[in-house]
Amino acid sequence: MMMRLALLLLAIFARSCSAFVGRCATSSSSVSICLNAEPLESGSKVVVCTGPTCRRTGGKRALAIFEELAPSIGVTVESVSCVSECAECGLGPNVEVRLLGDDGPFYPIKNGIKTEDDVKGVLGIAYE
């Protein structure tokens, strides 16, 4: 049972990082996130979870930061009440990344996106 859980968590993490070229690093919020080598392509979309758990852990603040930074690189921002349908709520705030030309149905979900640095890491914007 524990082995199945470990494999599931590993698969979720791998899916979260698979769409990004770059490196993974620990953010200021002590959560490992994947940093893009280049900004997301114009026309891509990020969907920020503002469901109950993500809202309590900073989803509304993350949404505001995305809305401030994303338009400068042509990325649109949406919010939804739950991007992971409760599978990853405890890891939030969660952000779904829909790359230009990616038809889904499964999109990578970034977990623990709380700070401006976390948002910049998802967007691939250089840190100042």
Side-chain angles (χ1 to χ4, degrees):
M1 173 98 157
M2 291 301 289
M3 180 60 102
R4 281 179 146 172
L5 179 60
L7 290 173
L8 176 64
L9 291 174
L10 182 60
I12 290 169
F13 179 75
R15 184 186 76 174
S16 294
C17 290
S18 65
F20 293 92
V21 175
R23 63 191 188 285
C24 290
T26 301
S27 71
S28 58
S29 61
S30 299
V31 175
S32 180
I33 62 169
C34 296
L35 305 175
N36 292 327
E38 297 180 17
L40 291 179
E41 190 174 355
S42 181
S44 296
K45 181 187 298 186
V46 293
V47 182
V48 181
C49 182
T50 55
T53 303
C54 287
R55 189 173 343 128
R56 278 193 302 274
T57 58
K60 287 283 193 181
R61 182 175 190 283
L63 176 62
I65 298 169
F66 273 106
E67 289 175 335
E68 178 185 335
L69 299 177
S72 68
I73 59 170
V75 173
T76 58
V77 179
E78 291 181 4
S79 66
V80 68
S81 65
C82 190
V83 297
S84 67
E85 297 177 354
C86 297
E88 299 179 42
C89 293
L91 303 173
N94 299 311
V95 176
E96 184 176 80
V97 180
R98 299 179 181 180
L99 300 175
L100 180 65
D102 189 352
D103 295 338
F106 301 106
Y107 301 98
I109 296 174
K110 304 296 168 200
N111 308 114
I113 307 302
K114 298 179 181 184
T115 68
E116 184 173 332
D117 284 347
D118 295 339
V119 170
K120 287 179 177 180
V122 171
L123 294 174
I125 297 174
Y127 295 94
E128 297 170 356

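- A distance of 6.5 Å separates CG in Leu123 from CG in Leu69, rounded to the nearest 0.5 Å.
- Residues forming a side chain to side chain contact (heavy atoms under 4.5 Å, CB included) with Ser44 (at least two apart in sequence, or on another chain): Leu40, Glu41, Val75, Leu99, Leu100.
- Counting heavy atoms from C-beta on, the side chains of Val122 and Phe66 come closer than 4.5 Å.
- Atom CD in Glu88 sits 6.0 Å away from atom CG in Asn94 (nearest 0.5 Å).
- To the nearest 0.5 Å, atoms CD1 (Ile113) and SG (Cys54) are separated by 10.5 Å.
- With sequence neighbours left out, the side chain to side chain donor-acceptor pair (under 3.5 Å) criterion links Arg55 to no other residue.
- Residues in residues 65-79 take part in these side chain to side chain donor-acceptor pair (under 3.5 Å) pairs, two or more places apart or across chains: Lys45-Glu78.
- Under the rule for a salt bridge (charged side-chain N to carboxylate O under 4.0 Å, His left out), the partners of Arg98 that lie at least two apart in sequence or sit in another chain are Glu96.
- Here the closest non-hydrogen pair linking Cys49 and Ser81 is SG-O, 3.6 Å.
- Across Asn111 and Leu91, no two heavy atoms sit closer than the pair CB-O, 3.4 Å.
- Of all heavy-atom pairs between Thr115 and Arg61, the closest is CA-NH1, 4.0 Å.
- Rounding to the nearest 0.5 angstrom, the gap separating the OG1 atom in Thr50 from the NZ atom in Lys60 is 5.0 Å.
- Nearest heavy-atom pair across Pro93 and Gly59 is CG-N, 3.6 Å.
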